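All values derive from a computational prediction rather than experimental measurement.
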Amino acid sequence: MESGSIPLADVPGGFDLQSTLESGQTFCWRREDGRAYETDDAHGGSAWYYTATEGEVVRVRHREGQLEWEATTDADGLLVERLRLDDDLPTIFEAVPDDPLVADARAAYPGMRLVDDPFFPCLVSFICSAQMRVSRIHGMQTALAREFGEAIEFDGETYHAFPTPERLAAATEAELRELGLGYRAPYVRRSAELAAAGEVDPADVRAKEYEDARDALQAFVGVGDKVADCVLLFSLDFLEAVPLDTWIRTAIEDHYPDCDRGSYAETSRAIREAFGGEYAGYAQTYAFHYLRSRY
DNA sequence: AGCCAGGCAAGTG
DNA sequence: CACTTGCATGGC
């Protein structure tokens, strides 16, 4: 076992592990204490979280100004990338117009960051997210890993990586329904087939202009505008993407009524502009977590 | 008991 | 293009 720590004093704008991992933007991490992600749970501040990916297991916790980690391999680089520790939050929020909702959200969750998740797990988790609560989406991804993911031994425990596209494409719809995926089961299976066949190359999508990239992702099954925006924001580095889910639509009604332009495409343009363009997705994710936690 | 949850696909007008 | 309907499931 290797271990190490990342001093958080050097991270511009600070870092909050619990809100970053439990705000409903990533379903690639689990708490060692096994608790489901609930916005009113205040016990995650010093908990261990782990992820398993590509044969490796990494676990982290926040302790005394450090991000401590233990892993099957050196994890400094992975953590900086996946938790976006190089993002300069003060500079990013200079680009976001001073706005009461976003300001309140920042005050409530200082140091919350976007994540940079692996493409396929991110895609599947947001296909599963349709008409579903955050804690249940998390439970589905846990079940998919348990049933179909590679087993990895680490520190006397067995962990499961998220399954490969090939493995999920080989699952039957009935097997997926048994995990509680409901009508999303065929979407996941068919999208896994497309991913395994290389029909849509994430690297190609990443190179496109934002709206073209959003359209391209909809070649997957179960992916419309909203899910595509989530994948762009949380996995493909499109920080301007603003997923228009039920919470943000309500926020638009209450706080930005001028941005409601009817269609997804036009409302998206308007709210992206209201959130300052380039880093609008940061504002969206803060607003989403803040509104949901106050409900 | 009914309503809702980080919507989408397929069908119609 | 806009609009409607059906779709699983669990928690409140």
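Of all nucleotides listed (B/dG7, C/dA8, B/dG6), B/dG6 comes nearest to the side chain of A/D245. Of the listed nucleotides (B/dA10, B/dA5, B/dG6), B/dA5 has the atom at the smallest distance from the side chain of A/Q131. Closest to the side chain of A/M132, out of B/dA9, C/dA8, B/dG6, is C/dA8. Nearest nucleotide to the side chain of A/R136, out of B/dC8, C/dG10, B/dG6: C/dG10.
Distance, A/L123 CG to B/dC8 P: 12 Å, rounded to whole Å. In this entry the distance linking CD1 of A/I137 with C1' of B/dA5 reads 8 Å, nearest Å. Per the geometry, NZ belonging to A/K226 stands 12 Å off P belonging to B/dA5, to the nearest Å. Remark: P of B/dA9 and CZ of A/R184 are 13 Å apart, rounded to the nearest angstrom. In this structure, the CD1 atom of A/I252 is 16 Å from the P atom of B/dG6, given to the nearest Å. Between the CG atom of A/L176 and the P atom of C/dC7 there is a distance of 19 Å, rounded to whole Å. One atom, CZ of A/R189, and another, P of B/dC8, lie 20 Å apart when rounded to the nearest Å. Look at CD on A/E175: it is 18 Å from P on C/dA8, rounded to the nearest Å.
B/dC3 and C/dT5 have their P atoms separated by 16 Å, with the value rounded to a whole Å. Going from the P atom of B/dG6 to that of C/dC12 covers 13 Å, rounded to whole Å. C/dA8 and B/dG11 have their P atoms separated by 15 Å, given to the nearest Å.
Looking at A/Y183, its side chain comes within 3.5 Å of the base of B/dG7 through a donor and an acceptor atom. Evaluation of atom-type donor-acceptor distances gives a pair under 3.5 Å for the side chain of A/R133 against the base of B/dC4.
Salt-bridge check for A/R84 with A/D237: passed, with a basic side-chain N closer than 4.0 Å to an acidic carboxylate O.
Connection of A/V57 to A/F27 is not established within any shared hydrophobic cluster, with ILVMFWY side chains joined at heavy-atom distances below 4.5 Å, either directly or through further cluster members.
Contact annotation: A/R177 side-chain N/O to C/dA8 OP1/OP2 distance is under 4.0 Å.
In this structure, the aromatic ring of A/F288 is positioned over the six-membered ring of the base of B/dG6, centres within 5.5 Å and planes within 30°.
Using modelled atom types, one finds no donor on one side chain facing an acceptor on the other under 3.5 Å when comparing A/E56 with A/T73. For the residue pair A/S293 and A/Y109, a side-chain donor N or O sits within less than 3.5 Å of a side-chain acceptor on the partner.
If A/Q284 and A/R190 are placed on DNA chain B by their nearest nucleotide, the residue sitting closer to the 5' end is A/Q284.
Here A/F234 lies in heavy-atom contact (under 4.0 Å) with a base.
Aromatic pair A/Y286/A/F93: centroids less than 6.0 angstrom apart. Aromatic pair A/F220/A/F120: ring centres not closer than 6.0 Å.
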